[in-house]
Amino acid sequence: MSKPAYKRVLLKLSGEALMGDDAYGINRATIDRMVADVAEVAKLGVELAVVIGGGNIFRGVAPGAQGMDRATADYMGMLATVMNALALADAMRHVGVVARVMSAIGIEQVVEPYVRPKALQYLEEGKVVIFAAGTGNPFFTTDTAAALRGSEMSAEIVLKATKVDGVYSADPKKDPNATLYHTISFDEAIAGQLQVMDATAFALCRDQKLPIKVFSITKPGAMMRVIMGEEEGTLVHV
Ligand SMILES: Nc1ncnc2c1ncn2[C@@H]1O[C@H](COP(=O)(O)OP(=O)(O)O)[C@@H](O)[C@H]1O
Ligand SMILES: O=c1ccn([C@@H]2O[C@H](COP(=O)(O)OP(=O)(O)O)[C@@H](O)[C@H]2O)c(=O)[nH]1
């Protein structure tokens with residue numbers, strides 16, 4: 001049997017995708033499907049660090065936050081990611097995957113704080129580490145948290161599992177003529193203002209020479225193909 005292409009990865013799971021077809025919150029079937037994919041990867045012995053988003057519950061820039069102090073709204077968004085992280089860890093427990101949640105915001109009664117050496121230790125022990133509360137700072141996104149934690153954990157790649165199947169020449173939800181890139185450089189992605197990830201995340205990964213693979217979270221088998229180094233999604237490279 002062929003071997004996985006990576007030993008340690010940072011997987012960014014879209015918070016917004018957790019809603020499935022619902023208007024808000026966590027859709028049970030959707031989270032179970034995501035976790036089944038993660039479990040398959042974990043069983044191959046790939047060390048998995050996960051950053052989960054919060055857009056299914058709250059986003060600092062959402063219409064619902066209009067008129068709010070931006071930092072306050074962003075803290076609410078970060079707390080939303082803590083809820084998603086708890087749901088994710090629990091769904092993993094159900095399928096026999098051992099996960100630990102670490103939060104960038106102090107909330108000790110609920111989850112342990114992020115401590116880098118401890119996170120590294122968990123990964124070495126084969127546990128999945130779920131990073132909650134993004135970077136812990138307002139005005140950032142969980143994509144930037146993925147770039148940051150991916151760099152800190154010395155991951156070989158950031159895997160962005162999202163609602164689209166890769167990076168397009170324009171937002172495919174708005175432009176039906178947008179074309180899919182198989183590979184694109186960080187500089188091209190930043191210069192083209194491709195919104196699939198924010199420029200801060202792209203810039204951090206570029207500076208750390210940490211490649212990103214963007215792929216669909218809903219396409220069956222996509223995550224496994226990415227892990228095996230097969231043709232799937234878009235590679236963003238230096
Ligand atoms: N050039 C592009 N290529 C692909 N997706 C794009 C592009 N520009 C904008 N998008 C949009 O970016 C979205 C993914 O980013 P984001 O909303 O941050 O998702 P996530 O919930 O995974 O963090 C996609 O749903 C897509 O509509
Ligand atoms: O480091 C961070 C990460 C997230 N957020 C807030 O948390 C929300 C949810 O995260 P995100 O939008 O990245 O989640 P996703 O796109 O994956 O649903 C963001 O909109 C921000 O308001 C933040 O302030 N700082």
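Both ligands and their constituent atoms are indexed starting at 1 by order of listing.
Side-chain N/O atoms of Asn27 and Tyr24 include no donor and acceptor closer than 3.5 Å. A side-chain donor-acceptor contact under 3.5 Å links Tyr114 and Glu152.
Under a 4.0 Å heavy-atom criterion, Lys160 is in contact with ligand 1. The shortest separation from a heavy atom of Lys12 to ligand 1 is under 4.0 Å, placing the residue in contact. Taking a 4.0 Å cut-off on heavy atoms, Gly53 fails to register as neighbouring ligand 1. Using a 4.0 angstrom heavy-atom cutoff, Ala17 does not count as in contact with ligand 1. Contact annotation: Ala170 has at least one heavy atom less than 4.0 Å from an atom of ligand 1.
Looking only at protein heavy atoms, the nearest one to atom 3 (C) of ligand 2 is Thr141 C, 3.4 Å. Atom 16 (O) of ligand 2 has its closest protein heavy atom at Arg59 NH1, 3.0 Å. Looking at atom 19 (C) of ligand 2, its nearest protein heavy atom turns out to be Gly60 N, 4.0 Å. With respect to atom 23 (C) of ligand 2, the closest heavy atom belonging to the protein is Phe140 O, 3.1 Å. Counting protein heavy atoms only, atom 24 (O) of ligand 2 is closest to Asp74 CB, 3.1 Å. Summary of contacts: the protein heavy atom closest to atom 13 (O) of ligand 2 is Thr142 OG1, 2.5 Å. The protein atom (non-hydrogen) at minimum distance from atom 27 (O) of ligand 1 is Asp171 OD1, 2.8 Å. Ranking the protein heavy atoms by distance from atom 3 (N) of ligand 1 puts Tyr168 N, 2.8 Å first. Taking atom 21 (O) of ligand 1 as the reference point, the nearest protein heavy-atom neighbour is Ser14 OG, 2.8 Å. Ranking the protein heavy atoms by distance from atom 4 (C) of ligand 1 puts Gly166 O, 3.3 Å first. Atom 17 (O) of ligand 1 has its closest protein heavy atom at Lys163 NZ, 3.5 Å. Of all protein heavy atoms, the one closest to atom 25 (O) of ligand 1 is Lys173 NZ, 3.1 Å. Atom 7 (O) of ligand 2 has as its closest protein heavy atom Gly77 C, 3.1 Å.
Relative to atom 14 (O) of ligand 2, the option among Gly15, Gly54, Ala71 with the closest non-hydrogen atom is Gly54.
Any N or O atom pair closer than 3.5 Å counts here, and Thr135 shares at least one such pair with ligand 2. Any N or O atom pair closer than 3.5 Å counts here, and Gly55 shares at least one such pair with ligand 2. Polar contact check, Thr162 against ligand 1: a nitrogen or oxygen pair lies under 3.5 Å apart. In terms of polar-atom proximity, Glu16 is counted as a contact of ligand 2, with an N or O under 3.5 Å from an N or O of the ligand. Geometrically, ligand 1 and Val196 share a nitrogen or oxygen pair separated by less than 3.5 Å. Distances between N or O atoms of Pro138 and those of ligand 2 include no value under 3.5 Å. For Asn137, a nitrogen or oxygen atom sits less than 3.5 Å from a nitrogen or oxygen atom of ligand 2, counting backbone and side chain alike. Residue Ala73 has no N or O atom closer than 3.5 Å to an N or O atom of ligand 2.
Near Lys12, meaning under 4.0 Å from any of its heavy atoms, are these atoms of ligand 2: 17 (O). The Phe58 neighbourhood of ligand 2 comprises atoms 8 (C), 9 (C), with distances under 4.0 Å to a heavy atom of that residue. Against a heavy-atom cut-off of under 4.0 Å, Ser14 is close to the following atoms of ligand 2: 17 (O).
With Ser169 contributing its side chain and Thr179 its backbone, the two residues share a donor-acceptor pair below 3.5 Å. No donor-acceptor distance shorter than 3.5 angstrom exists from the side chain of Ser103 to the backbone of Val111, with no hydrogens or angles considered.
Phe215 CZ to Met223 CE: the interatomic distance, rounded to the nearest 0.5 Å, is 4.5 Å.
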